[in-house]
> 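Attaching a single structure in structure tokens format; questions to follow.
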There are 2 protein chains.
Amino acid sequence: MATSPPTDMPTRPLISAAVVGRANRGRVLQALFDLGPTSRAELARYTGVNRSTITAIVQPLVDNGFLLEGAPLPAGGAGGKPARPLTLSPTASPIGAVQVLQGRVRSALVSMTGDILAQDTRRLPVTGRRAREATDAIGASLEAVLAAAKRPPFGVGVAVGGMVDTDRGSIVEVNLAPALDGLALGPALASRIGLPVLLDHHPRALLLGDRWFGPGRGISTFAVLYTGEVLGGALMLGGHLHRGPAGAGGELGHTFVQVDGELCRCGRRGCWETIATLDWLRRRAAEAGLPDAARISTAKLCRLAAKDPAAARLRDTYARNLAVGIANLQQTLAANRYVLHGDAARGGEPFATAIQQHARDLVPEHPGGRPTVVLGGDDDRAALLGAAGLVLSDQLQFTV
Amino acid sequence: MATSPPTDMPTRPLISAAVVGRANRGRVLQALFDLGPTSRAELARYTGVNRSTITAIVQPLVDNGFLLEGAPLPAGGAGGKPARPLTLSPTASPIGAVQVLQGRVRSALVSMTGDILAQDTRRLPVTGRRAREATDAIGASLEAVLAAAKRPPFGVGVAVGGMVDTDRGSIVEVNLAPALDGLALGPALASRIGLPVLLDHHPRALLLGDRWFGPGRGISTFAVLYTGEVLGGALMLGGHLHRGPAGAGGELGHTFVQVDGELCRCGRRGCWETIATLDWLRRRAAEAGLPDAARISTAKLCRLAAKDPAAARLRDTYARNLAVGIANLQQTLAANRYVLHGDAARGGEPFATAIQQHARDLVPEHPGGRPTVVLGGDDDRAALLGAAGLVLSDQLQFTV
DNA sequence: TTTGGTATGTTCGGGACTCGCTCAAACTAA
DNA sequence: TTAGTTTGAGCGAGTCCCGAACATACCAAA
């Protein structure tokens with residue numbers, strides 16, 4: 001959360017009349033996101049208010065082109081005036097989305113409907129201490145896509161593949177990119193382009209991408225796991241992304257699953273990361289004598305597993321290792337739904353099912369339900385949509 | 001035609017004028033809980049509203065005796081009309097609190113100020129399949145304390161030392177009390193006494209007791225750990241108790257910290273419970289040759305540790321074992337504050353500090369803060385206050 | 001003692017919402 | 001044609017918060 005300064009004001013604001021309108025408008029738009037094209041009457045039923053209230057909220061948005069009124073639908077069996085579905089306009093104000101990776105930056109202009117209207121990728125100078133150059137490259141990339149906007153964008157979301165301080169909108173640390181460490185990227189971009197800028201950790205952006213445009217659409221509690229060289233995650237609890245103070249939560253890779261176990265990159269022993277990342281997989285693949293073990297991925301492993309029993313065993317063990325952490329999350333939070341991103345997601349449905357089966361075996365029965373493991377969409381697209389989702393969540397999900 | 005939405009999202013109702021009043025009244029009362037005696041002007045500053053708004057909210061509550069207006073305080077150095085502090089009235093409507101244990105039931109009448117006005121303890125027939133007798137005993141105990149109420153109570157909270165289904169208000173399973181398994185205690189009590197009844201898991205009641213009357217007062221994010229024969233916990237995240245669907249969350253004792261480790265009571269291997277309960281402590285105490293090892297507690301261990309190096313080492317290892325799970329919570333949720341209850345709490349401040357030190361050693365630095373381990377109050381009292389807290393949270397914390 | 005400054009708490013008019021009711025429009029089925 | 005159903009708009013009423021103004025109460029310096 002970049003633009004708002006870190007307030008230590010411990011106040012619990014009351015609800016004012018002004019904020020009620022904003023909040024309700026946000027909720028109606030949320031409903032439109034979650035339900036797709038929906039008539040005013042159905043929105044009224046869904047939100048439990050009078051139809052006239054929906055009209056009052058929606059009409060200005062239709063008038064200024066934010067919402068589109070579709071053609072009257074043929075009435076349902078019972079007769080009656082045909083409903084006119086409302087949809088989010090693909091040409092309404094777009095959202096800027098930035099993904100900061102180790103060696104490059106990707107920017108996009110995203111419509112409210114989840115379409116990528118423009119895109120830009122460029123190299124990012126991250127070695128040495130050239131923070132200014134990095135900021136300039138990111139800003140230039142962002143400006144390139146914002147120039148394609150026909151209406152002034154709502155804001156900009158930035159997903160960073162490293163540790164961030166969401167309160168300050170600054171980067172704490174990005175592996176192998178020392179130029180970015182400590183960089184207050186959010187405020188820098190905000191003052192450069194004159195728009196609100198929200199900055200967050202990459203897995204949390206993925207979560208919001210899934211929440212608004214992916215398999216988490218309309219779901220109030222679920223988790224995202226990102227696997228690969230590292231292991232990270234994010235949590236949606238009760239309709240809100242759980243960040244923790246300054247965005248400290250979600251460091252799932254460095255929870256202990258094997259006290260005093262293998263040494264982790266972080267210097268401690270037995271982190272989940274030590275048994276559920278590509279590093280572990282490649283070492284075990286080499287031990288098992290699998291071909292090209294040093295560059296194996298879950299996708300390759302799954303292909304090998306079709307004919308090589310050793311690969312199939314390794315695949316199953318890896319699925320179980322991933323399931324261990326999911327089981328811990330399930331026992332702790334009972335999020336029930338877990339969306340895979342990164343390397344593990346490219347193992348496809350069978351691999352997700354294998355993880356799910358292990359996770360279910362690892363938690364006891366409870367009336368609250370069982371864990372379900374599903375695939376997230378394409379990572380690159382999901383990250384950009386997620387960066388846009390940062391802005392959507394900020395604009396639409398008032399805590400009131 | 002009015003199809004239910006294809007999501008698990010409980011149709012987000014919009015905010016109406018009526019609910020705003022209720023919610024704001026709740027927030028003002030929360031502020032009074034959290035701040036103690038507070039003048040109208042200070043409440044206005046704290047909640048960010050106009051003083052006249054506070055007057056409008058507070059005046060009816062003063063008139064009907066729910067709030068008390070104290071004597072004018074001597075004005076602060078700068079002059080001005082002296083403030084008249086408002087306090088919750090100890091004689092306002094009380095709350096019924098019930099704690100269901102394996103062999104007995106305790107009931108109490110709790111004032112809004114956290115005083116226990118009346119109390120009742122009786123044996124609970126829990127063997128065999130005599131659900132009716134158990135319900136009768138609980139109901140009779142509750143009625144005994146409710147009879148002491150001078151005004152009609154707000155409701156009744158029930159804390160159960162076992163697995164519960166909070167949605168149904170029913171008990172899923174209580175160890176060694178088969179008569180209670182599956183019992184819909186909430187509805188049964190509600191129809192018997194004609195008051196709303198809220199039922200929840202024991203650690204979650206402790207959490208709410210701490211939130212309203214203990215070390216969690218006014219803190220929006222913290223966790224409670226209960227240790228002893230079993231290991232359980234509860235989470236306050238962003239001002240709301242996280243229950244999970246049907247109350248499935250918080251099963252911290254059965255998260256894995258040692259994959260394929262020691263066999264746990266639950267049938268799986270390497271649960272946190274296997275290294276952080278009295279069972280582990282007593283076996284290790286026996287191995288170390290400590291006196292009366294089979295009945296040792298953390299409190300006894302801490303006393304022994306003063307002169308026996310072996311006891312001191314065991315004490316340190318036990319503190320680290322507890323810290324492992326705290327570190328995992330910290331990495332996952334960054335709750336920052338951890339309140340101890342049960343056996344470990346009776347190890348006193350030095351033991352809490354030892355756990356805290358280990359927990360800090362086990363998590364990396366982050367601007368979001370470091371874990372803090374503090375002692376909860378007396379368990380028996382905290383559980384009853386926590387049962388009352390179930391009602392307070394229900395009445396005062398509208399999600400709007 | 002007077003006077004100006006400061007803070008508290010109340011009163012009152014105004015504005016921003018939502019609610020319930022009513023009505024026209026559009027479609028179905030008998 | 002007619003009755004029934006559903007959608008969407010219009011209007012007055014009610015509820016709540018805000019801001020300005022005012023009375024009250026205390027302090028401190030002149």
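Please read these numbers as outputs of a predicted model, since none were measured by experiment. Letters go in sequence order (proteins before strands), and every chain restarts at 1.
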> So, the side chain of B/Ser220 versus the backbone of B/Gly239: is there a donor-acceptor pair under 3.5 Å, distance only?
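Not confirmed, B/Ser220 side chain does not pair with B/Gly239 backbone.
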
> Could A/Arg40 and A/Glu69 be called an ion pair, given the rule that one side-chain N must be under 4.0 Å from one carboxylate O?
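A/Glu69 and A/Arg40: salt-bridged.
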
> To the nearest 0.5 Å, what is the distance between CG on A/Leu392 and CD on A/Gln30?
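Reported value, rounded in 0.5 Å steps: 9.5 Å.
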
> What is the distance from atom CG of B/Asn24 to atom CG of B/Leu29, rounded to the nearest 0.5 Å?
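Spacing of CG (B/Asn24) from CG (B/Leu29) equals 11.0 Å.
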
> Return the value, rounded to whole Å, for the distance between atom CZ of B/Arg45 and atom P of C/dA7.
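Computing the B/Arg45:CZ to C/dA7:P distance gives 9 Å.
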
> Using five pairs at either end of the helix from C/dT1-D/dA30 to C/dA30-D/dT1, determine the angle between the two local helix axes and round it to 10 degrees.
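End axes: 0° apart.
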
> Quick check for you: to the nearest 0.5 Å, what is the distance between B/Asp394 atom CG and B/Asp200 atom CG?
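Between B/Asp394 CG and B/Asp200 CG, I get 11.0 Å after rounding to 0.5 Å.
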
> Given 3.5 Å as the limit, does a donor-acceptor pair link the side chain of B/Thr221 with the main chain of B/Gly238, or not?
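Here the side-chain-to-backbone pair exists.
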
> Could I get a table of every N or O pair under 3.5 Å where one atom is in the protein and the other is in nucleotides 2-4 of chain C?
none

> Report the distance from atom CG of B/Leu189 to atom CG of B/Leu199, rounding to the nearest 0.5 Å.
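B/Leu189 CG to B/Leu199 CG: 8.5 Å, rounded to 0.5 Å.
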
> For B/Met112 versus B/Phe154, what's the shortest heavy-atom pair and its separation?
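That would be SD-CE1, 4.0 Å.
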
> Treating primed atoms plus P, OP1 and OP2 as sugar-phosphate and everything else as base, which nucleotides of nucleotides 8-20 of chain D get B, S or - for protein heavy atoms under 4.0 Å?
BSB----BSSSB-

> Do any N or O atoms from the side chain of A/Arg25 and from the backbone of A/Ile57 form a donor-acceptor pair under 3.5 angstrom?
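It does not hold such a pair.
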
> Can you give me the closest heavy-atom contact between B/Leu32 and B/Leu86, atom names plus distance?
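Scanning both residues, the minimum pair turns out to be CD2-O, 3.4 Å.
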
